[in-house]
Structure formats: C-alpha cells, structure tokens
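Handing you this structure, nothing more for now.
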There are 2 protein chains.
Amino acid sequence: MSTISEVAKEAGVSVATVSRVINQNASVTPETQKRVNAAIAKLNYHPNVWGRSLRRQESRVLLIFVPNITNPYYANIISGIEDTARRNHYNTMVCVTNVDKERAKEYFDLLRCGSADGAILLDTTKNDKSVPRLAKNFPVVQCCEYCTDENISHVSIDNLEAAKQVVQYLVSLGHRRIGFAGAVNDFISTEQRETGYKKALEEAGIEFDSRYVAYADEDYNFLSGIRAVKELLCLKDRPSAIFCISDMIALGAIRAAGEMDLRVPEDLTIVGFDDVAYATMFKPMLTTVSQPGYSLGKTSCNMLIKQMGGAAPNHMFLEHKIILRDSSAANAVE
Amino acid sequence: MSTISEVAKEAGVSVATVSRVINQNASVTPETQKRVNAAIAKLNYHPNVWGRSLRRQESRVLLIFVPNITNPYYANIISGIEDTARRNHYNTMVCVTNVDKERAKEYFDLLRCGSADGAILLDTTKNDKSVPRLAKNFPVVQCCEYCTDENISHVSIDNLEAAKQVVQYLVSLGHRRIGFAGAVNDFISTEQRETGYKKALEEAGIEFDSRYVAYADEDYNFLSGIRAVKELLCLKDRPSAIFCISDMIALGAIRAAGEMDLRVPEDLTIVGFDDVAYATMFKPMLTTVSQPGYSLGKTSCNMLIKQMGGAAPNHMFLEHKIILRDSSAANAVE
DNA sequence: GTGAAAGCGCTAACAC
DNA sequence: GTGTTAGCGCTTTCAC
C-alpha cells in the first residue's frame with residue numbers, strides 16, 4: 001500500500017501537487033500531470049480513504065437498513081439505492097437489522113462515529129421513537145415504511161389507496177364476503193392496508209365483519225399465513241375472496257385453500273401484495289399489487305443526497321399498479 | 001459531534017487518558033475513569049472511526065461479495081458471516097456485484113483504499129484471474145464457489161459427492177433415464193454437480209446420454225429452467241427423473257411438467273439443490289440438497305479472521321444433507 | 001503552477 | 001497513573 005508522499009517522491013513533486021492531480025480541481029501543468037499519473041500507476045497507488053475522510057469530514061458511505069434480506073421484495077429497492085448512490089460517488093452498506101432494535105441501535109452508531117454520512121431506513125415502525133432522535137442529528141430518509149413524525153422524509157406508495165382499489169376490484173367481481181389477512185406488527189403499511197380495506201367496504205355499502213379479519217405473524221411468514229387464512233376459511237359463511245397484505249401470506253392462502261379442498265379462483269379469490277418474483281411461479285399465478293421497487297430505492301437515495309446538501313425533509317408517494325392474474329375471478333360461490 | 005480533546009477538557013485530563021479509558025487497555029484510576037466516562041456521556045461522545053483507523057491502520061470492516069440478493073439462498077450465509085463478524089468487532093459491507101466484473105473490480109478498490117480489511121467472496125468463478133491477484137495482497141476467503149487456484153482459502157460443501165448421492169438415490173428408486181438440468185456459467189459447483197452426475201451414472205452402469213442434459217441460463221432463473229427442462233421432456237424417451245442443480249430450476253421443472261400434463265412425482269421425479277424456503281411452499285414440495293448456509297458463512301468468517309491474524313490459507317468442506325420430500329418417487333413410467 | 005505546512009481525531013511510545 | 005507529543009494519509013490555505 002503506497003502513500004501519497006511515496007508517489008510525490010517518485011514523481012519528483014510535492015504531495016500537494018499529487019493531491020491536485022488526484023482531485024482534478026486545480027491547475028497543474030499537463031506535463032507534471034503526466035509524471036504524477038505515471039508514478040501513481042507504477043506504484044499502484046490508491047488514495048487512502050481514512051486520511052481523506054478525516055480531512056474532508058465525510059465518509060461518502062450511505063447506510064441501508066433492511067429488516068431482512070430473505071424477502072425478495074427488498075432486492076429491487078436496494079438495487080435502486082445502490083445504483084443511485086454509486087452514480088453520486090457514494091458507497092453503500094446494507095445493515096440487516098432482523099427487526100432487532102438492539103442491533104439497529106448498534107448500526108446507528110455507524111453514523112455517530114463517522115462511518116457513514118446518512119441512512120435510508122426500510123424498517124421504521126409507526127411509533128418508533130429512535131428514528132426521530134436519529135433524524136435530528138443525521139440525514140435520514142425512510143422508504144416504504146415510516147413513522148408518524150412529520151419532520152422525517154419518506155418515500156412510499158399510497159398503501160391506503162392501493163388497498164381500497166383492491167377491495168373495489170373484488171366488489172366489482174361480485175364478491176361481498178371479503179376477508180382480510182393482515183399481520184401483527186407496527187408497520188404503517190399494515191395499518192393503512194387494513195384501513196383501506198375497511199373504507200372500501202364502507203363505500204360499497206358492505207358492513208364490516210370482524211370475523212373476516214385474521215392476522216399472520218409479524219414478518220408475514222408463510223406458515224402463519226396458512227394459519228391465519230384457515231381461520232377465515234373455517235367460518236360457516238366463509239369469505240369468497242381474501243385480500244392478503246403480502247404475497248407470502250397469499251401463497252399461504254393458496255396452500256390453505258388447497259388443504260381444505262377449495263379451488264383458487266373458482267371457490268376462493270386471493271389477492272396478494274408486492275408482486276415478488278414468486279407470484280408467477282405458482283399455479284395459480286397471483287393477482288397482486290406491484291410496487292415500483294427500483295424507483296422507490298432510487299427516489300429515496302436522491303432525496304437523501306439532496307437532504308445532505310441542505311434540502312428540507314420531503315414526502316413522496318409513487319404509483320402502484322394492480323396486476324391481474326389467475327388467482328382472482330368473479331364470485332361464483334352462491 | 002464532539003472530539004476526544006473536548007472530552008479531555010471537560011474531564012480535566014489529557015487526551016491520552018481519555019483514549020486509555022475508551023480502550024480499557026491501561027491503568028487509569030477508578031476515579032479518573034469515572035470523571036472521563038461522565039464527560040463522554042455528557043458530550044454524547046463517539047470515537048471517530050477515521051482517526052482511529054488512520055492511526056491503527058485497520059478499518060475493522062469486512063466485505064461480503066454476493067452476485068445478487070434475490071436468491072434467498074444467500075440470506076443464511078450472510079447471517080452467518082455477519083453474526084460472526086460482529087462477535088469479533090468487525091462491521092460488514094454487503095457488495096452486490098450482479099455478476100458484473102466491472103462492478104466487482106470497483107468494490108475491490110474498497111480493499112485497496114483501506115475501506116475494508118478483508119473480503120468473503122460468494123461469487124468466484126472457476127477461472128477467475130482477478131481473485132488470485134486480489135488474494136495476493138489482501139485477506140480473502142471464498143465461500144461456496146471458488147477458483148482453481150490452490151492458494152486461496154475456501155469453504156464449501158462437496159458438490160461432486162452431493163450430486164453423486166442424488167443420482168444414486170434416483171437409481172435406487174428404479175430410475176434409469178435420469179436427466180440433468182444444469183446452467184451455462186463458470187461456477188465450479190455447476191461443473192462439479194455435472195461431474196458427480198456422470199460419475200454416479202457410470203458407477204451404476206448407466207450409459208451417459210448427452211440428450212438428457214440441458215442447461216438453464218447463467219443465473220438459474222425460473223423461466224430458463226422451464227425452457228431447459230422442456231427440452232428434456234420433449235424427447236421421445238423422456239427421462240423419468242431430473243436432477244436440477246438449483247431449486248429455482250427445479251421449480252421451473254415442476255411448471256414445465258405441469259404444462260406438459262405430467263404429474264410430479266407420478267410421471268416425473270424432480271430433485272433440486274439448495275433447499276430454499278420456497279422449496280416447501282409449492283405442491284409438490286421439493287426433494288432437494290440442503291447446504292448448511294449459516295455454518296458456511298460462519299466458518300468462512302472465522303477463517304478470514306484467522307487469516308488476517310497470520311494463518312495460512314485453508315480449505316474446508318462442510319456436510320450437506322439430502323432432504324426427501326414429495327417431488328421424488330419410485331420409477332413407474334414403464 | 002508548485003511547495004511548505006497545518007491540522008482533521010486518534011493512539012501509543014516515551015517521559016515523568 | 002498521567003501528560004506530552006509524534007504521526008497515521010490526506011487536503012487546502014497561504015506563500016512564492
């Protein structure tokens with residue numbers, strides 16, 4: 001590992017000149033430039049990032065907080081963030097929190113100790129108190145999930161509206177007994193999708209029936225999806241359609257239906273949320289809501305960079321899309 | 001962001017004393033310790049990592065190179081690496097290369113510029129030339145995939161043996177026309193699984209028939225899996241069993257069979273590889289080879305840390321397991 | 001256009 | 001047990 005002063009000696013110039021050549025921001029004779037570049041190449045010199053950061057007081061690293069990377073839904077978002085970051089000469093560091101507050105707190109220290117300049121959070125919960133505290137001192141953008149504090153930037157889709165549209169679509173298919181498979185967690189999207197479900201029912205003049213609502217585990221896992229949906233399917237007047245707040249739960253719903261000898265979509269319509277790749281690998285292929293993952297990531301990252309440049313916190317909602325496939329059909333139950 | 005000298009002033013001691021308290025490695029009066037700690041708390045001081053790294057000449061960051069994070073198969077490995085790293089006071093940085101050599105090269109610079117102390121590579125190809133070059137200058141461990149250079153550490157399962165066992169199992173079920181769905185890439189696991197397939201056939205006295213071998217795309221994607229397997233199923237003497245080198249391809253195989261009105265496993269036995277979570281979400285649930293993901297990650301990380309401490313390169317093979325589920329059955333085709 | 005030198009925050013060798 | 005100080009590699013101000 002060679003240093004700037006070794007390069008300077010090799011090229012017969014001062015370290016200042018080498019620095020100027022590296023950063024291309026000051027006048028250096030083309031000829032000296034050539035000599036310096038030759039020395040850099042010869043010594044295989046790479047500017048040491050610690051020295052530079054210490055001097056510049058910035059790390060050019062952005063943090064990405066993800067609850068887990070098992071969910072393919074995050075892959076696109078992360079791609080969007082990373083591409084944008086790299087285009088702006090930032091490196092990224094994926095921090096997998098596993099929904100563990102302790103671990104997240106440790107990762108927050110990466111900001112406090114200077115390891116990173118800002119963070120994009122994909123795992124904020126509704127009433128999270130640590131995020132506002134962090135955002136007071138560091139540039140932070142929330143993506144997809146966000147807390148109720150108005151002063152912190154966020155980028156997401158309009159979950160309430162999306163859920164409403166799903167239920168309106170189900171109503172348009174003739175369904176009246178529409179179930180809802182949610183999850184027990186503190187994500188705002190979870191809440192908003194349930195609210196959207198209720199609003200759409202109300203607007204359609206269908207009375208809300210709490211027996212038609214069931215909940216999977218915190219992390220929307222497959223097995224708990226099966227369990228939750230079975231609760232609904234065991235009812236005397238079982239729903240003819242079920243809106244699931246994640247594809248994973250919807251996959252569980254298909255399995256649950258199969259185990260109870262119900263055909264999808266003939267006997268039961270199922271709609272998911274997220275449009276992960278696996279939504280099309282199953283038969284029947286899943287009707288679901290598609291989020292613009294890559295754009296969500298890209299927009300978040302751009303917002304963060306602007307904010308680090310002094311811009312005020314901002315809120316953005318991107319467009320979702322309902323993808324019609326095989327798991328939904330007109331109500332034929334009675 | 002307060003500095004060590006501000007803490008020193010606040011506590012009425014020198015910066016050296018503060019440093020000693022922080023690093024708990026020298027004798028400081030309990031009383032001064034208390035004073036210093038009070039000052040640290042009061043100023044909410046966090047040691048600046050740039051200053052420390054510059055001085056100590058280490059970053060305490062490890063890189064994890066992953067081809068993509070869409071594949072859930074990597075999640076466990078990464079967990080294993082991260083937990084182990086954190087236990088040893090290292091931070092990790094996930095670098096998603098997208099099988100893009102250019103991007104990987106840029107990430108390699110993180111080592112050259114001091115941003116990281118070592119790397120675990122999950123995406124090495126057989127004849128990769130850049131990895132040996134990198135490994136000459138920096139601590140590197142390869143996980144799951146590795147290149148032919150003997151001097152670079154690696155941790156993986158014995159892919160050849162695993163493939164052999166799968167085929168032996170299929171033979172034991174009475175299958176004689178056994179197909180192989182591989183992929184067009186330069187991963188050593190791909191090659192070894194094909195070699196294992198051929199060896200097992202040979203040992204069973206079954207002549208190798210090149211018509212029974214088809215290839216999915218480089219990244220084992222679902223659609224190309226369907227395509228490859230359809231090639232095999234269109235043969236006059238179609239195979240009664242197919243060994244797929246990844247679960248994703250195996251999922252494609254199930255779809256392909258379905259589209260050609262073949263039942264799995266009654267008309268066609270399918271075996272996958274990796275045992276991803278989705279292997280059990282489908283009906284039929286997949287017979288597959290399970291790799292000890294978490295252990296692979298953990299072992300790699302421990303090996304890297306030992307190596308950074310001066311240990312010589314090492315090679316390790318961990319145990320795999322064949323998981324019998326619903327997609328395989330005795331040959332009933334003729 | 002180029003060089004000398006200060007200083008970013010920290011640790012550790014040395015002095016007392 | 002504690003303080004002084006050099007120096008890690010870099011950028012940038014100020015001379016010239």
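A, B, ... follow the sequence lines: proteins, then strands. Residue 1 opens every chain.
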Problem - Sugar-phosphate only, base, or nothing, as touched by S27(B) at under 4.0 Å among non-hydrogen atoms - result: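 Here S27(B) touches the bases of the nucleic acid.
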Problem - Spacing of Q33(B) atom CD relative to dG1(D) atom P, expressed in whole Å - result: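 Computing the Q33(B):CD to dG1(D):P distance gives 10 Å.
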Practice task
For W50(A) and G51(B), indicate whether the former's side chain and the latter's backbone hold a donor-acceptor pair under 3.5 Å.
Solution key: no
Handout entry: Dot-bracket encoding of pairs in DNA chain C, which uses [ ] for pseudoknotted crossings and | for another strand, Watson-Crick or G-U under 3.5 angstrom
Key = ||||||||||||||||
Handout entry: Contacting residues from residues 2-12 of chain A, given that a heavy atom lies under 4.0 angstrom of DNA chain D
Key =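 The stretch gives T3(A), I4(A) as the residues lying under 4.0 Å from the strand, ordered by number.
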Below 3.5 Å is the cut-off: list the nitrogen or oxygen pairs between protein and nucleotides 14-16 of chain C, distance only.
none

Problem - Basic-acidic side-chain contact under 4.0 Å: R35(B), E10(B) - result: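 Salt bridge between R35(B) and E10(B), a charged N being under 4.0 Å from a carboxylate O: no.
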Fill in the blank from the handout: E82(B) meets the side chain to side chain donor-acceptor pair (under 3.5 Å) criterion, sequence neighbours left out, with T92(B)
Practice task
Answer yes or no for R112(B) and Y107(B): cation-pi contact, defined as NZ/CZ to six-membered ring centre under 6.0 Å and angle to ring axis within 45°.
Solution key: no
Handout entry: I69(B) CD1 to I69(A) CD1 distance, which is reported to the nearest 0.5 Å
Key = 6.0 Å
Exercise for the section: Verify, without hydrogens or angle tests, whether T124(B) (side chain) and C147(B) (backbone) share a donor-acceptor contact under 3.5 angstrom. Expected result: no
Problem - Test ring-ring contact (aromatic ring centres under 6.0 Å, His included) applied to Y294(A) - qualifying residues, sequence neighbours left out - result: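 Not a single residue meets the ring-ring contact (aromatic ring centres under 6.0 Å, His included) criterion with Y294(A).
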Problem - All ring-ring contact (aromatic ring centres under 6.0 Å, His included) counterparts of F108(A), not counting sequence neighbours - result: F65(A)
Exercise for the section: Please identify each residue that fulfils side chain to side chain donor-acceptor pair (under 3.5 Å) with S189(A), with sequence neighbours left out. Expected result: E145(A)
Practice task
Not counting sequence neighbours, which residues clear ring-ring contact (aromatic ring centres under 6.0 Å, His included) with Y146(B)? List them please.
Solution key: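 ring-ring contact (aromatic ring centres under 6.0 Å, His included) check on Y146(B) returns H154(B).
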Handout entry: Contact residues, residues 43-59 of chain B to DNA chain D [heavy atom, < 4.0 Å]
Key =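 Output list: L54(B), R55(B), Q57(B).
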Problem - Results of side chain to side chain donor-acceptor pair (under 3.5 Å) for K9(A) - residues two or more places apart only - result: none
Problem - Positions of residues 106-114 of chain A (non-hydrogen atom under 4.0 Å from DNA chain C), listed by number - result: none
Handout entry: Cationic N near anionic O, under 4.0 Å, R103(A) to D83(B)
Key = yes
Exercise for the section: Measure from CD on Q24(A) to P on dT11(D) and round the result to the nearest Å. Expected result: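 About 12 Å, once rounded to whole Å.
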Exercise for the section: Select from T17(A) and V15(B) the residue whose nearest nucleotide in DNA chain D is closer to the 5' end of that strand. Expected result: V15(B)
Practice task
Kindly say whether S295(B) contributes a backbone atom to a donor-acceptor pair with the side chain of T299(B) at under 3.5 angstrom?
Solution key: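 Judged by distance alone, yes, a pair lies under 3.5 Å.
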Practice task
Look only at the side chain of N44(A) and the backbone of I40(A), and say whether a donor-acceptor pair between them is shorter than 3.5 Å.
Solution key: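 No; judged by distance alone, with no hydrogens or angles, the pair does not exist.
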Practice task
Determine the contact category for S19(A): base if any of its heavy atoms lies under 4.0 Å from a base atom, sugar-phosphate if only primed atoms, P, OP1 or OP2 are that close, otherwise nothing.
Solution key: base
Practice task
Grab the CG-P distance between N23(A) and dG9(D) for me, whole Å please.
Solution key: 17 Å
Handout entry: Phosphate OP1/OP2 of dT2(D) contacted by T29(B) side-chain N/O (<4.0 Å)
Key = yes
Completion exercise
Contacts of E6(B) meeting side chain to side chain donor-acceptor pair (under 3.5 Å) (sequence neighbours excluded), chain-then-number -> none
Exercise for the section: For T32(B) and T29(B), indicate whether the former's side chain and the latter's backbone hold a donor-acceptor pair under 3.5 Å. Expected result: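 A pair under 3.5 Å: yes.
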